[in-house]
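Side chains are part of it too, since the values below use all heavy atoms of this structure and drop only hydrogens, waters and symmetry mates.
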Amino acid sequence: MNEQIIPGSKMMKVTGILMIISGALSIISSLVVKGATTLLLLLSAAYEPGGDLEKASGKIGSAYTIFILLGIVVLAVGIIATVQAKKPVNPIAVIVLCALVVILTIVANIVLGTGVSAATAAGVEGLNPVSSIIISIISSAVLPILCVIGSLKKKKALNL
């Protein structure tokens, strides 16, 4: 029995699998980086209880909390996209969730940028938030955008 392949379903499946992998790695790395960054800022020579560096540490911690949430959402979107890839169902949920991933990425990077800027203003040297934030937003948006493209191809093929 030869099963007909719906256009866009392979793209959804591949990007879904890649999103599962990147979501899991994002959760793990965000937990590690959140702890390490907080520890390093607290051990910094510029640290004073209630001072600017403590506020910066809070902002950076908040950003990594959003990155952990983002990793969970990416993992969930990857699972949903992979499961829905071969099913002849409307992929609108995948499209909406991919948009959510891009929005969360932008929000997390803005919060991280304000925390890094505050840490730099408080005396921590060697941080360059602008270039890393731009690279992070662009690289984090690639898989969701590819998944949306696959979903739209599938939606068009199903005439939905």
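Annotation: side-chain contact (heavy atoms from CB on, under 4.5 Å) contacts of Pro7 (sequence neighbours excluded): Ala157. Remark: Val33 engages Thr37, Tyr64 in a side-chain contact (heavy atoms from CB on, under 4.5 Å) (not counting sequence neighbours). For Thr65, the side-chain hydrogen bond (donor to acceptor under 3.5 Å, both in side chains) criterion is met by Lys34, not counting sequence neighbours.
In the hydrophobic clustering, Leu31 connects to Ile20, Ile27, Ile68, Ile72, Leu75, Ile79, Val83, either directly or through intervening members, whenever side-chain heavy atoms lie under 4.5 Å apart. In this structure, Ile28 shares a hydrophobic cluster with no other residue, the cluster being traced through Ile, Leu, Val, Met, Phe, Trp and Tyr side chains under 4.5 angstrom apart.
Under the 3.5 Å distance criterion, the side-chain polar atoms of Lys154 are matched with a main-chain donor or acceptor of Lys87. A donor-acceptor contact shorter than 3.5 Å is absent between the side chain of Ser9 and the backbone of Ile5.
Ser26 and Ser29 make their closest contact through O-OG, 3.3 Å (heavy atoms, listed as atom of the first residue, atom of the second, distance). Listed here is the closest heavy atom pair of Val102 and Pro144: CG2-CB, 4.0 Å. Smallest separation of non-hydrogen atoms from Leu146 and Thr15: CB-CG2, 3.7 Å. Nearest heavy-atom pair across Ile6 and Pro88 is CD1-CA, 4.0 Å. Nearest approach of Thr105 to Ser140, heavy atoms of both residues: CG2-CB, 3.3 Å. Across Lys153 and Gly8, no two heavy atoms sit closer than the pair CB-CA, 3.8 Å.
Each of Val142 and Leu18 belongs to its own hydrophobic cluster when Ile, Leu, Val, Met, Phe, Trp and Tyr are linked at side-chain heavy-atom distances under 4.5 angstrom. There is a path of hydrophobic side-chain contacts, each under 4.5 Å, that joins Val14 to Val77. A continuous path of Ile, Leu, Val, Met, Phe, Trp and Tyr side chains, each step under 4.5 Å between heavy atoms, connects Met19 with Leu100, placing both in one hydrophobic cluster. Val101 is not connected to Ile95 by any chain of hydrophobic side-chain contacts under 4.5 Å among Ile, Leu, Val, Met, Phe, Trp and Tyr, and they are in different clusters. Note on Leu143 and Leu104: same hydrophobic cluster, where clusters join Ile, Leu, Val, Met, Phe, Trp and Tyr whose side-chain heavy atoms are under 4.5 Å apart, directly or indirectly.
Counting only residues at least two apart or on different chains, no ring pair (Phe, Tyr, Trp, His ring centres under 6.0 Å) pair has a member in residues 139-160.
A heavy-atom distance below 4.5 Å is found between the side chains of Lys155 and Asn90. Looking at heavy atoms from C-beta onward, Leu152 lies out of side-chain contact with Lys156 at the 4.5 angstrom threshold.
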Before you tell me yes or no, could you show the steps for Val74 and Ser22 under side chain to side chain contact (heavy atoms under 4.5 Å, CB included), namely the whole-Å CA-CA distance, both residues' side-chain angles and the distance that decides it to 0.1 Å? CA-CA 8 Å; Val74 169; Ser22 67; 3.7 Å; yes
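One distance of note links NZ of Lys86 with NZ of Lys13; it measures 4.5 Å at 0.5 Å rounding.
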